[in-house]
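Working notes, beginning with the structure itself.
Everything numeric in this text was worked out from a predicted model, so none of it was measured.
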Amino acid sequence: CVAANAAGDVFVAGEWGVSRSIGGGASVEMLGFFEHPLSAIAVGGNGYCYVAPDCGGVWRSSGALERWERFNGQLPDLKLMSLSIVDDSLLMAGTSDGVYVSPLDRPEWSQLAFPQHSVRKLFAFPHDSVAAFLGYRFLLSADGGRSWNDIGMQGYTINALIRTADGHLLAGT
């Protein structure tokens, strides 16, 4: 999993930890180890980095990223597959039981959408738009996850989502 912040630092969540590259990849430093492989990462404008192991909840680190703390609150013990930050105020988690959402400043999780469905990928756009891949459907919400429209891609497994500089969404299948 890969994420970047506004300063251009690149964060990689790998088999057992998180690394950060600054200076266009000139150097890489290991920031933290975890007991389980990491399945998701998101970096917010608030200076926090959020990661999710396959199991064990969401973890958050700030500033120098030297200390990690659990950021679970009421989040049930679920398989976590994706994290995405919406408008620098909400953290969304794609889980084995739908989409959960929490404010970035405190772990107050609530279920937002798709109970009893695995949400494998989430991707946030500016102004409350979010794309979600459920393993069999690719959906888009223009209102922060309150309503969703199917946008096609049936028969494909989406492994990666990225937005280009000109605003297009690319899906790696």
Side-chain angles (χ1 to χ4, degrees), residues 1-4 11-16 18 34-44 46 48-60 68-164 167-173:
C1 305
V2 178
F11 297 81
V12 178
E15 187 70 21
W16 299 107
V18 178
F34 290 87
E35 291 181 27
H36 301 285
L38 298 173
S39 59
I41 187 169
V43 179
N46 61 357
Y48 288 106
C49 180
Y50 303 85
V51 296
D54 290 339
C55 57
V58 175
W59 292 78
R60 176 177 79 171
W68 293 87
E69 62 186 3
R70 287 178 64 97
F71 192 76
N72 284 0
Q74 304 88 353
L75 185 65
D77 187 19
L78 300 166
K79 181 177 174 91
L80 294 160
M81 295 174 262
S82 183
L83 293 174
S84 191
I85 295 175
V86 180
D87 279 341
D88 282 333
S89 62
L90 295 174
L91 179 63
M92 284 188 172
T95 76
S96 57
D97 188 30
V99 175
Y100 283 76
V101 64
S102 174
L104 286 179
D105 62 344
R106 62 195 178 282
E108 294 180 2
W109 293 94
S110 60
Q111 193 169 41
L112 179 68
F114 313 119
Q116 301 176 354
H117 295 278
S118 288
V119 178
R120 296 183 181 182
K121 295 290 177 194
L122 290 171
F123 188 86
F125 297 93
H127 313 296
D128 285 345
S129 293
V130 182
F133 176 64
L134 277 64
Y136 58 93
R137 293 172 59 200
F138 193 39
L139 302 150
L140 182 67
S141 172
D143 57 10
R146 289 182 291 283
S147 63
W148 297 85
N149 295 310
D150 195 318
I151 57 174
M153 303 286 292
Q154 284 80 6
Y156 290 93
T157 297
I158 296 174
N159 297 310
L161 295 171
I162 191 168
R163 184 173 176 230
T164 63
H168 290 94
L169 180 65
L170 299 180
T173 63

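For the ring pair (Phe, Tyr, Trp, His ring centres under 6.0 Å) test, no residue two or more places apart in sequence or in another chain qualifies with Trp109. Residues that satisfy the side-chain hydrogen bond (donor to acceptor under 3.5 Å, both in side chains) test with Arg60, not counting sequence neighbours, are Glu69.
A donor-acceptor pair under 3.5 Å is formed between the side chain of Ser39 and the backbone N or O of Ala52.
Across Pro53 and Trp59, no two heavy atoms sit closer than the pair CD-CD1, 3.8 Å. The minimum heavy-atom distance linking Gly94 with Leu122 is given by the pair N-CD1, 3.3 Å.
Residue pairs satisfying the ring pair (Phe, Tyr, Trp, His ring centres under 6.0 Å) criterion with at least one member in residues 73-102, sequence neighbours excluded, are absent. Here salt bridge (Lys or Arg N to Asp or Glu O under 4.0 Å) pairs that include residues 94-121, with residues two or more places apart or in two chains, are Arg106-Glu108. Residue pairs meeting the salt bridge (Lys or Arg N to Asp or Glu O under 4.0 Å) criterion with at least one member in residues 83-95: none, sequence neighbours excluded.
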**OP:** Show your working on side chain to side chain contact (heavy atoms under 4.5 Å, CB included) between Phe71 and Tyr48 and close with a plain yes or no.
**Re:** CA-CA 11 Å; Phe71 192 76; Tyr48 288 106; over 6 Å; no
Subject >> Test side chain to side chain contact (heavy atoms under 4.5 Å, CB included) applied to Leu104 and Tyr50, step by step >> reply: CA-CA 9 Å; Leu104 286 179; Tyr50 303 85; 3.5 Å; yes
**OP:** Decide side chain to side chain contact (heavy atoms under 4.5 Å, CB included) for Asn72 and Val58; before the verdict, give the C-alpha distance in whole Å, the side-chain angles of both, and the deciding distance to 0.1 Å.
**Re:** CA-CA 6 Å; Asn72 284 0; Val58 175; 4.0 Å; yes
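In this structure the side chain of Val99 never reaches within 4.5 angstrom of the side chain of Val130, judged on heavy atoms. Looking only at side-chain heavy atoms (C-beta outward), Ile85 and Leu90 stay at 4.5 Å or farther from each other. Residues Ser110 and Gln74 fail the side-chain proximity criterion, which asks for heavy atoms closer than 4.5 Å.
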May I have the list of side-chain donor-acceptor pairs in residues 133-143 shorter than 3.5 Å, sequence neighbours left out?
{"from": "Tyr136", "atom 1": "OH", "to": "His117", "atom 2": "ND1", "distance (Å)": "2.8"}
{"from": "Ser141", "atom 1": "OG", "to": "Asp143", "atom 2": "N", "distance (Å)": "3.3"}
{"from": "Ser141", "atom 1": "OG", "to": "Asp143", "atom 2": "OD1", "distance (Å)": "2.8"}
{"from": "Ser141", "atom 1": "OG", "to": "Gly145", "atom 2": "N", "distance (Å)": "2.8"}
{"from": "Ser141", "atom 1": "OG", "to": "Ser147", "atom 2": "O", "distance (Å)": "2.9"}
{"from": "Asp143", "atom 1": "OD1", "to": "Arg146", "atom 2": "N", "distance (Å)": "3.1"}
{"from": "Asp143", "atom 1": "OD1", "to": "Ser147", "atom 2": "N", "distance (Å)": "3.0"}
{"from": "Asp143", "atom 1": "OD2", "to": "Ser147", "atom 2": "N", "distance (Å)": "3.4"}
{"from": "Asp143", "atom 1": "OD2", "to": "Ser147", "atom 2": "OG", "distance (Å)": "2.7"}

